[in-house]
Amino acid sequence: MVKVTLKDGSVREYSEGVTLAEVASSISGRLGKEALVGRLDGKLVDLTTPIKKDAAVEFYTFDSEEGRQTFRHSTSHVLAQAVQKLFPGTKLAIGPAIADGFYYDFDASEKFTPEMLGKIEAEMEAIIKADLPFERMDMERESSLEFFDRAGESYKVELINDLPVDAAISCYRQGDFTDLCAGPHVPSTGRLKSVKLTSLAGAYWRGSEKNKMLQRVYGTSFPKKSLLEEHLTRIEEAKKRDHRRLGAELELFTIQEEGPGFPFFHPKGMVLRNELEKFWKEVHRKRGYHEIRTPIILNRALWERSGHWDHYRDNMYFTKIDELDYAVKPMNCPGGILVYKSRLHSYRDLPIRMAELGLVHRHELSGALHGLMRVRCFTQDDAHIYMLPGQIKEEIMGVIDLVDYIYKVFGFKYKVELSTKPEKAMGSDEIWEMATSALEDALNTMGMEYKVNEGDGAFYGPKIDFHLEDCLGRTWQCGTIQLDLQMPELFELTYVGEDGQKHRPVMIHRTVFGSMERFIGILTEHFAGAFPVWLAPVQARVLPITGRHVEYAQKVMDRLDAEDIRVELDDRNEKVNYKIREAQGQKIPYMLVLGDREAENGAVAVRHRSAGDIGSMGLEEFIARIKDEIKTRKI
RNA sequence: GCUGGUGUGGCUCAGUGGUAGAGCAGCGCAUUCGUAAUGCGCAGGCCGCCGGUUCAAAUCCGGCCACCAGCUCCA
């Protein structure tokens, strides 16, 4: 007999060799049906695993991350089986579960087309219907190599060869299909129920553009058809929040063929942008930043000195002035450094926080452009902090706090990543080590959760990145804090210390919004275009019911205008329903419906874009209300 | 940059070799209306660009450009 301890702490006895699936069924019929995978003494395992000694056991259904991952991963095996059946000779690369589904990379002689996805799906459904059990096979390294080599699965051979010598190697088989896989899997293909292949894309083997491009098939799966449908509807809804679509509908910005990656900001987009800048300037002034502005085009020699010529040239634009070489700035730091160097600094002046809303240009790959999220010119809300080595931690913590403060004003949740030394880096390992641990130290002291991104740092130093989500859950780097031990050396920056001697300051580069463009993109999707009143391009629209109310409406509008409230008058000869419909479409926060009743007693009938009709109130009362919302930046 | 897809009035889309269409938006006229679409009428298109095939091309072929998804890269 074995003693099995369940999640709730209760202990049950079973005969030795009982499987997890049997335990689950004995707890409840429903758990037996819904459990997908289990945990045995802390290790995620198949439900078919026998329990041979006393152990702690947990079960996961589709409601848990573990359950969903296993479910999608198993579906990817079914996809691979279907593809190999339909297209014999197709080689398999990898097929993991991802956030909302799974993918599998194939090296196939025929080109997959969208029409073929339907056929593959049908084949998958047949495999699911056949309810083939997933069988685990633990293998010796040699025999696994032999097996995949004979099958012509060269990618699998490469994967096995790259596994550590002592790594356990396992395969999973369903029917006549076998794949290299650590597992675990659901018990059988019949559990997979509802499958949808969603898209087709190229993907480099092992993510390197030096390797062959494989064909990646994306899909998702659910244990019930209704869940799949819900998921697809959710994605359709999310697409309506796409900033590219809303940007056009709300007349915020456009991107034209004449300037791919170079956005045009329209009047309404500029209002939003200016409000953001106003807020940003206010907060930075309060936190001891001084604003500067540096030129967009600077001499090539500067870029050679900064290292950009060697490390960043591919992303830069160049020009000639009077036969001399110049570059369009891809970063603000070298210019900012020249401002620092223009005079002598005492240790008493440090830290010096110099901020710049700087327009930078970068040659991004054409295929990487994406609305306002990735463009070829953007305004960074940059700042460079020059400080004593002893001030590093405090300054970094100050920036982290600032980012947190500003993101909270918009109600953003964010993720933090720490990026370490890349391949193309300047400076010694020791310097990188020191800089990286300074960033880590600050994060740990502040109790921040973060993920480490090995090799993702800037060429001059490691960085802390702040990532925000778009409408489809894709994340974009916005804020960043980069500790730079290179530029101060390269530009021979100094301050005069207590001892009267010159010393080297430490420098950090940082942004909060990241780029005004990207931030506006994120903001638009986050609020689905319904910006908080303080940011809304139009804060109120006055809607006279008939022509005879226009005069009063004009008065109301003038009064609001005098209070610096952004207001429009809709005096078109249309029904009020029509005017409301349009104002709603423009996501204008307040609509003031004005008829005889309002004109008589100086009132406004207020409609809020999300709360609807909130009744009539005195004009002054409404002004007090909206002004309070603006002042407190209510979201 | 790479893989796949898409490109027709301001917007959403129909049109697969034979004289370019619809709805919405716009403009005009009528309607003067109380919380999400009043009616009638009128305009508007080098069918992304360049070249080829054909008696004839939005439609077939080639090249280029842009966009979309993903890869790579990144604020």
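Lettering of chains follows the sequences in order, A, B, ..., and the numbering in each one begins at 1. Quick caveat, the model's predicted, so the values are computed rather than measured.
- Remark: B/G7 base-pairs with B/C65. Criterion, Watson-Crick or G-U wobble with two distances under 3.5 Å.
- Using a 4.0 Å cutoff on non-hydrogen atoms, the parts of residues 594-601 of chain A near RNA chain B are A/G595, A/D596, A/R597, A/E598, ordered by number.
- Under the ring-ring contact (aromatic ring centres under 6.0 Å, His included) criterion, A/H266 pairs with no residue, sequence neighbours left out.
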For nucleotides 12-16 of chain B, print each protein N/O atom paired with a nucleotide N/O atom at under 3.5 Å, atom names and distance only.
none

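- Between A/R244 and B/A69, a side-chain N or O to OP1/OP2 separation shorter than 4.0 Å is present.
- Across every strand in view, B/U12 sits in a pair with B/A22 that passes the Watson-Crick or G-U test at under 3.5 angstrom.
- The side-chain hydrogen bond (donor to acceptor under 3.5 Å, both in side chains) check on A/T420 picks up A/E454, with sequence neighbours excluded.
- Ion pair A/D401/A/R287 flagged as a salt bridge, since at least one NZ, NE, NH1 or NH2 atom sits closer than 4.0 Å to an Asp/Glu carboxylate oxygen.
- By the side-chain hydrogen bond (donor to acceptor under 3.5 Å, both in side chains) test, A/H384 pairs with A/H509, sequence neighbours left out.
- Separation of the A/F410 and A/H526 ring centroids does not fall under the 6.0 Å cut-off.
- Close placement of the A/F112 and A/F87 rings is indicated, their centers lying within 6.0 Å of each other.
- Using a 4.0 Å cut-off between a side-chain N of Lys or Arg and a carboxylate O of Asp or Glu, A/K268 and A/E249 do not qualify as a salt bridge.
- Rounded to a whole Å, the CG atom of A/D100 is 15 Å from the C1' atom of B/A69.
- Straight-line distance from the CG atom of A/L365 to the C1' atom of B/C71: 11 Å, rounded to whole Å.
- For A/E364, the listed nucleotide lying nearest its side chain is B/A75; candidates were B/A75, B/U38, B/G4.
- Within residues 202-214 of chain A, the residues having any heavy atom under 4.0 Å from RNA chain B are, by residue number, A/G202, A/A203, A/Y204, A/G207, A/E209, A/M213.
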